[in-house]
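Lettering follows sequence order; numbering is per chain, from 1. As the structure is a prediction and not an experimental result, all values here were calculated from the model.
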Number of protein chains: 2
Amino acid sequence: MQNPFPIPLNAVRAIEIVARRGALAPAAEELGVTVGAVSQHVRRAEERLGFELFERTAHGLVPRPALAQVLPQISAGFAALQDGLANLSGRDELVLNLTMGSVFASRWLIWRINKFTALNPGLEVRLTVTAAMLDLGRPDIDCAIRYGLGDWPGVATSAIGGRDFSPVCAPRLAERLPDPAALAQVPVIHDQTSMLSWPLWQKAAGLDADIQWRGPRLSDASLAFDAAIAGQGVLLAADMMSADAISDGRLVRPFKMSAKGQCGYWLATAKGRREPGKVKRFRQWLASEVPASAGGYMQQMSSDLPID
Amino acid sequence: MQNPFPIPLNAVRAIEIVARRGALAPAAEELGVTVGAVSQHVRRAEERLGFELFERTAHGLVPRPALAQVLPQISAGFAALQDGLANLSGRDELVLNLTMGSVFASRWLIWRINKFTALNPGLEVRLTVTAAMLDLGRPDIDCAIRYGLGDWPGVATSAIGGRDFSPVCAPRLAERLPDPAALAQVPVIHDQTSMLSWPLWQKAAGLDADIQWRGPRLSDASLAFDAAIAGQGVLLAADMMSADAISDGRLVRPFKMSAKGQCGYWLATAKGRREPGKVKRFRQWLASEVPASAGGYMQQMSSDLPID
DNA sequence: ATTTTGCATATAGATAATCTATATCGCTGA
DNA sequence: TCAGCGATATAGATTATCTATATGCAAAAT
């Protein structure tokens, strides 16, 4: 019977990680070995197979077409093995590893995650907050919540919400804004990292979409929120993200007029990955918590109070 | 980052094979190592995990519920890896490994497989002929053709045909059979291995289904066919399997009356396994060749001849 | 043009995983 | 009671895999 594994399983795993991560160093880190060890796995596998698996570039290793073509299959194989083993030892259900952007974490989830963990005693939730999306194939990531078009390659997505957005500002600044045209007279905060579009809102408000408003340029989304609360300008924010600050009076929507964009928040998982119970439960909790949170946490608290 | 593989990949593979095959010896054979090596893999994995994976019995190792539950996932993982690697090196398309019963092999496929290989130059077909169905998860088996209800666990099936069956015999014996009741006066061949049902046919022929006819009892299906051709009795045979001998005059259907059973021939593959091109092409070839062969190969040869 | 940085590669030798060979044990069936 | 079948344990050999170290190459920064 011909051996179905012409190269060692450890080498196959190293190759899969290199192909997925794009370089030896992150692969070595994920495997917990040195770069030299990973390099040897790749080289000896190529010798054994008789052809090259990667193109060598100055920026790392690029899978050749033959490897790229079978990579989804091999990745799926290791994902199935990892999930199976996690289920076997039962540890899969002890920790939920979430990754997301700073706005979703600090403006929405952090205020509500206690409800989810209260429903799931024994389940620890760990957040990894990054500006750029992480590789969801990593074994230490269960799922992500990201803002965007939702068309990331190799990622399965389901919509959470957050496509509606509006200008928000401190109440005292709102007094200077009888109508949208008045935005020319106050500072407007430009969040360099944001995918929200002032021109799209301007168009929805019947304004000229070419108008460029002046104001501070920030490159941290959470800082932009804080600046708006501090009265330093008007910020364009997803309604879902500003709802809490609206509900407790720290922010107001001066015009009560939203625009709807192509982007929104998505629950994202690696394609082909089996969904463990903890991720299913988190998804279900989100599906009920997001609509309930539309009015912000002050309004939600009063409606969450027990009647009896 | 926690290691997603608490036990070595080689051990996981050994465990999967043991769980699937039921004992250390066949697992050792599939892995190409000694029984002691496999036993050590299992034992050290159990020590590392802190719980037992198998119940020890006198007849072999039985997966404990925790392992049994995740086994489909782990098996799927290795199948995906194996298929991916086979695709990578391109050898997946060089040999088609088929397994089937002796009747299908000797009475149908062996007369026609040349047509398939003529359409697939470079593809070698290997047959493994067994009475009992083999484990389709084995890496050296691509697919099977088996007769039965088609409800084998862990097996994906598609129907080929062969549910109709009739009595067949040598022409000179047919002269003694003016009607079905005359079967009481001739020997009737009983194939102990057959799933075909005389009572079902008797019922369809308007006879008493309790009638027990006398005749030789054989425990080899191919031998039963040879005995019928030799004029030693009347045999109940799937129409699909007797068609060739009917078309060249070695056998006749004395009553021109078929019954239809629950059993039939199925193309079977391991569930969850990716279907390589060679299996797809074999499936497609079967789908056209089986209907074309209904009249037997003598009739099929004249209709296969080129017209121009 | 030179230097620095980032990434891959090669090699020797150490370490750990895995194997074989052998003996032994336990259960079942004759 | 004995033979056969299957698993287990152990010592030591073999192989896989690793680390440490030095080196090479290309791109980016100065």
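In this structure, the CG atom of B:Asn10 is 15 Å from the C1' atom of D:dT14, given to the nearest Å. Taking atom CG on B:Leu61 and atom P on D:dC5, their separation rounds to 17 Å, with Å as the unit. The distance between atom CZ of A:Arg44 and atom P of D:dA16, rounded to the nearest whole Å, is 8 Å. Rounded to an integer number of Å, the gap from A:Arg13 CZ to D:dT17 P is 12 Å.
Inter-axis angle, ends of the helix from C:dA1-D:dT30 to C:dA30-D:dT1, five pairs per end, rounded to 10 degrees: 30°.
Residue A:His41 has a polar side-chain atom (N or O) positioned under 4.0 Å from OP1 or OP2 of D:dC18.
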Give every pair of a protein N or O atom and an N or O atom of nucleotides 3-6 of chain C that lie under 3.5 Å apart, one pair per line with the distance.
none

Detail all sub-3.5 Å separations between protein N/O atoms and N/O atoms belonging to nucleotides 9-11 of chain D.
| residue | atom | partner | partner atom | Å |
| --- | --- | --- | --- | --- |
| D:dA9 | OP2 | B:Arg43 | NE | 3.4 |

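In this view, A:Tyr265 and A:Phe104, A:Tyr147 satisfy the ring pair (Phe, Tyr, Trp, His ring centres under 6.0 Å) rule, not counting sequence neighbours.
Using a 4.0 Å heavy-atom criterion, one finds that B:Ala37 contacts the bases of the nucleic acid, with or without backbone contacts as well. Counting non-hydrogen atoms under 4.0 angstrom, A:Val42 reaches nothing in the nucleic acid.
Closest to the side chain of B:Pro8, out of C:dT18, D:dT8, C:dA8, is C:dT18.
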Side-chain atoms of residues 34-43 of chain A: list all donor-acceptor pairs with protein atoms under 3.5 Å, sequence neighbours left out, distances to 0.1 Å.
| residue | atom | partner | partner atom | Å |
| --- | --- | --- | --- | --- |
| A:Thr34 | OG1 | A:Ala37 | N | 3.3 |
| A:Gln40 | OE1 | A:Arg44 | NH1 | 2.9 |

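Sorted by first and then second residue, the salt bridge (Lys or Arg N to Asp or Glu O under 4.0 Å) pairs with a member in residues 70-81 of chain A form an empty list; sequence neighbours excluded.
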